[in-house]
S.K.: 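Mind having a look at this structure? Questions to follow.
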Amino acid sequence: MIPLLCTASQMHTPVLGTLIAIYVIAIGFLGWRGWKKTSNQRDYLLAGRQVHPFVMAMSYGAAFISTSALVGFGGIAGTYGLGLLWLVFMNIAIGIFIAFVFFGYRTRRIGKALNANTFPEFIGKRFKSVKLKLLIAMIIFIFIPLYSSVVLIGGARFLEEVMMIPYSWSLAIFACVVAIYVIFGGLKGVMYIDALMGSVMIGGMLLLLIMCFVKLGGVAPAFQELTNMAPLVKERLPEAYALGHRGWTVMPEINSVWWWTLVSSLMLGVGIGALAQPQLAVRFMTVKSSRELNRAVLVGGVFILCTVGSAYTVGALSNVFFYRSDLGIASNFSQLAIEAAGGNPDKIIPMFIREALPPVVLYLFALTMLSAAMSTMSSLFHVTGTSLGHDFFRTIENSRSDSTLVTRLGVLSGIIISLVVAMLLPPGIVARGTAIFFGVCASAFLPAYCAALYWKRATRAGVWASIISGVASSLFGLLFLHAKEAAGLGICQAIFGKPVLISAHPWPHVDPFIYSLPISIAVLVIVSLLTEKLPENHLARCFKK
Amino acid sequence: MFGLGDNAITAAMLGCIISTAVCVIYGAINWNRSDDQKEDKK
């Protein structure tokens, strides 16, 4: 799904090859350093709980922001406009500030008090239930391959287009490079490399944004020009207009299909869902004290603004470039971005860079994209491996020995599963993988996670019921109610003879998160109030200062 | 404002910038503050 960036004749392969070689050497060095400094499970799982705040914040940001965010959503901004800036706001306000200040501190403190090394272990120990830990670990390694395979495919397609390597080789090379540094380097290797990748991502995206504004004559003139193009939506994109698109610098029509997608799936689903991602939550436990988290808030906020803020702004502004004939785009002028991209939003950002900006920006952007993909994948592989190895198998074996080896085997298994999923599952299912993962994680884990941090009255039974009801209601929504997944998967059609159970607007466009999260919260509260509280001495230990 | 078409988008843009500023200011003010100091203030 990653489009052709340039033809072989246009590309300066030696230059790009050299840049990539330097990059790979840097990754190799940092991965080796991670390996040398990993001597026990605390190093492998939590980077020794001694991570530098800059590294922690960059790692959090880089794990958070993948190619889906930059190219995928950037392309959506190119098609539908700046309404997506609300997602950036949610990512900063909730994904960074609320996450670090209201979730991070307590996660670190309680995690340390309970000697928890992973997210499943955190919840399991907090609610004194080994089976709960196993349940969460299972949910993680069942659903994460759906997300990691999407990112894997994206990265491999990118390598395929930029380096002209056949797709299956790209897939294998990509998976191998990430596998090596995750398996051997553990979380230390992953986080050092994330810091490098995060820096590349910020640099690349900021350069892109600045060049864009410079070429268009400034911030206000650029946006004004985009605003002036609004009438073109009705004229040139009648289908998008029917879905609610009213222009690239205005919100979509309220209660339209696009409005519901923007607000329920993107702003709320992804924006709030980010709080319950196990591969992000674990990073709160990698720092020594809250001082490091405070410092990381500063870095994290700037990171998100510079990466996705730039990507969505550039995506929307690309319409101006494609429309005007005097900005150096020879063959594509008088087109809208989505038209120039042949109807494929994923092509908008790469095409814009290729057409409008100097080649060096393209190369830096290629590295930025590879960084975004690899950093996200490494975090997913690491958390899959820890769930399979440390949380699941080690618990089943009732072992107390150091878990580094079994976790490494877990990571390897996770990568193989992701590769298999990437190669075998049909594109329709894989493309929906990200949405399924975010939605299920959020409804399953967010109430339990909040309760673990703040609600002493929450009980083990309440958390069990909440997680199960969250997963069940999410899956029900994805299979039978939300058109994008339900129609794509076809199960509803096969059983009930129609693509979705409720066709009345707006239900096919309401993200399952909107109802599965409240259900999960309600179940947690009701069942907790009806069941026995956890022992006071245990609670005192969890919440001790 | 800024050449944007409606107030909601302007609000989104300002929201992004202000929330980043809040992160930066918060991080800067609490740069050296750690768990122990926070507990004393409670």
Side-chain angles (χ1 to χ4, degrees), chain A residues 53 57 81-94 96-97 100-101 105 108-109 112 218-230 246-251 254 267 288-306 308-309 312-313 316 545, chain B:
Chain A
L82 292 172
L84 226 50
L85 283 179
W86 278 112
L87 176 57
V88 180
F89 168 70
M90 296 291 278
N91 286 153
I92 300 170
I94 296 186
I96 298 290
F97 191 79
F100 280 61
V101 175
Y105 294 146
R108 193 201 67 81
R109 215 163 61 216
K112 195 162 174 217
V219 176
F223 286 139
Q224 188 59 58
E225 210 171 326
L226 191 56
T227 303
N228 296 342
M229 284 171 68
R246 293 290 177 269
W248 293 273
T249 60
V250 297
M251 285 289 280
I254 291 179
M267 279 172 61
K288 211 164 33 176
S289 76
S290 60
R291 181 178 49 219
E292 279 71 32
L293 287 175
N294 293 332
R295 296 176 178 184
V297 168
L298 190 156
V299 176
V302 171
F303 183 90
I304 301 293
L305 183 70
C306 294
V308 289
Y312 304 166
T313 307
K545 294 176 184 196
Chain B
M1 209 176 157
F2 301 122
L4 294 168
D6 75 11
N7 292 332
I9 302 292
T10 308
M13 183 153 296
L14 288 174
C16 291
I17 295 169
I18 292 169
S19 56
T20 305
V22 167
C23 287
V24 170
I25 293 167
Y26 181 92
I29 290 174
N30 292 294
W31 192 257
N32 284 313
R33 189 170 293 170
S34 89
D35 286 301
D36 303 325
Q37 290 166 306
K38 269 192 110 109
E39 297 322 307
D40 289 343
K41 286 190 181 268
K42 280 187 180 163

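Each chain gets a letter, A, B and so on, in the order the sequences are listed, and its residues count up from 1. All figures in this text were calculated on a predicted structure; none of them were measured in a lab.
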S.K.: Side-chain contact test, heavy atoms from C-beta onward, threshold under 4.5 Å: evaluate it for Val101(A) versus Tyr26(B) and give yes or no.
M.R.: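 Yes, at least one pair of side-chain atoms sits under 4.5 Å.
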S.K.: Counting distance only, does the side-chain N/O of Thr249(A) pair as donor-acceptor with the main-chain N or O of Gly5(B) below 3.5 Å?
M.R.: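 Looks like yes, one N/O pair under 3.5 Å.
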S.K.: Counting heavy-atom pairs under 4.5 Å to chain B, which of Val250(A), Asn91(A), Leu226(A), Val219(A) comes out on top?
M.R.: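 Greatest number of close heavy-atom pairs with chain B: Val250(A).
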S.K.: Measuring from atom CZ of Phe223(A) to atom CD1 of Ile9(B), what distance do you get when rounded to the nearest 0.5 angstrom?
M.R.: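 Phe223(A) CZ to Ile9(B) CD1: 10.0 Å, rounded to 0.5 Å.
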S.K.: With a 4.5 Å limit on heavy-atom distance, are the side chains of Trp31(B) and Asn294(A) in contact?
M.R.: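 Side chain of Trp31(B) against side chain of Asn294(A), heavy atoms only: no contact under 4.5 Å found.
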S.K.: Which value, rounded to the nearest 0.5 Å, describes the distance between Met90(A) atom CE and Ser19(B) atom OG?
M.R.: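 So the CE of Met90(A) and the OG of Ser19(B) are separated by 11.0 Å.
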S.K.: Ile92(A), Val299(A), Leu85(A): which one forms the most heavy-atom pairs within less than 4.5 Å of chain B?
M.R.: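 The answer is Ile92(A).
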S.K.: Heavy-atom pairs under 4.5 Å with chain A: which of Cys16(B), Ala11(B), Ala28(B) has the most?
M.R.: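 Sorted descending by pairs with chain A, the first entry is Cys16(B).
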S.K.: When only pairs under 4.5 Å are counted, which of Ala220(A), Gly81(A), Gly301(A) shares the most heavy-atom pairs with chain B?
M.R.: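 Highest number of heavy-atom pairs under 4.5 Å: Ala220(A).
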S.K.: Does any non-hydrogen side-chain atom of Cys23(B) lie less than 4.5 Å from one of Val302(A)?
M.R.: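 No, side chains not in contact.
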S.K.: Applying side chain to side chain donor-acceptor pair (under 3.5 Å), name anything that partners Ser289(A), two or more places apart in sequence or on another chain.
M.R.: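 Counting only residues at least two positions away or on another chain, Ser289(A) forms a side chain to side chain donor-acceptor pair (under 3.5 Å) with Glu292(A).
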S.K.: Answer yes or no: does atom CG of Asn7(B) have more than 12 heavy-atom neighbours from other residues, nucleotides or ligands under 6.0 Å?
M.R.: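 Count not over threshold, so no.
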S.K.: Yes or no on side chain to side chain donor-acceptor pair (under 3.5 Å) for Arg291(A) and Asn30(B), after CA distance, side-chain angles and deciding distance?
M.R.: CA-CA 7 Å; Arg291(A) 181 178 49 219; Asn30(B) 292 294; over 6 Å; no
S.K.: Which heavy atom in Asp6(B) sits nearest to a heavy atom in Met251(A), and how many Å separate them?
M.R.: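 Closest approach of Asp6(B) to Met251(A): OD2-N, 2.9 Å.
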S.K.: Counting only non-hydrogen atoms closer than 4.5 Å, does Ala21(B) touch chain A with its backbone (N, CA, C, O), its side chain (CB onward), both, or neither?
M.R.: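 The answer is neither part of Ala21(B).
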S.K.: Which region of Arg246(A), side chain (C-beta onward) or backbone (N, CA, C, O), has a non-hydrogen atom less than 4.5 Å from a non-hydrogen atom of chain B, or is it both or neither?
M.R.: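 Contact with chain B involves no heavy atom of Arg246(A) at all.
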S.K.: Which residues satisfy the ring-ring contact (aromatic ring centres under 6.0 Å, His included) test with Phe89(A), sequence neighbours excluded?
M.R.: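 For Phe89(A), the residues satisfying ring-ring contact (aromatic ring centres under 6.0 Å, His included) (neighbours in sequence not counted) are Trp86(A).
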S.K.: Against chain B, label Leu82(A) side chain, backbone, both or neither, depending on which of its atoms sit under 4.5 Å from a heavy atom there.
M.R.: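 For Leu82(A), heavy atoms of backbone and side chain both lie under 4.5 Å from chain B.
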S.K.: So which of Gln224(A), Arg108(A), Arg295(A) has the biggest tally of heavy-atom pairs under 4.5 Å with chain B?
M.R.: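 Of Gln224(A), Arg108(A), Arg295(A), Arg295(A) has the most heavy-atom pairs under 4.5 Å with chain B.
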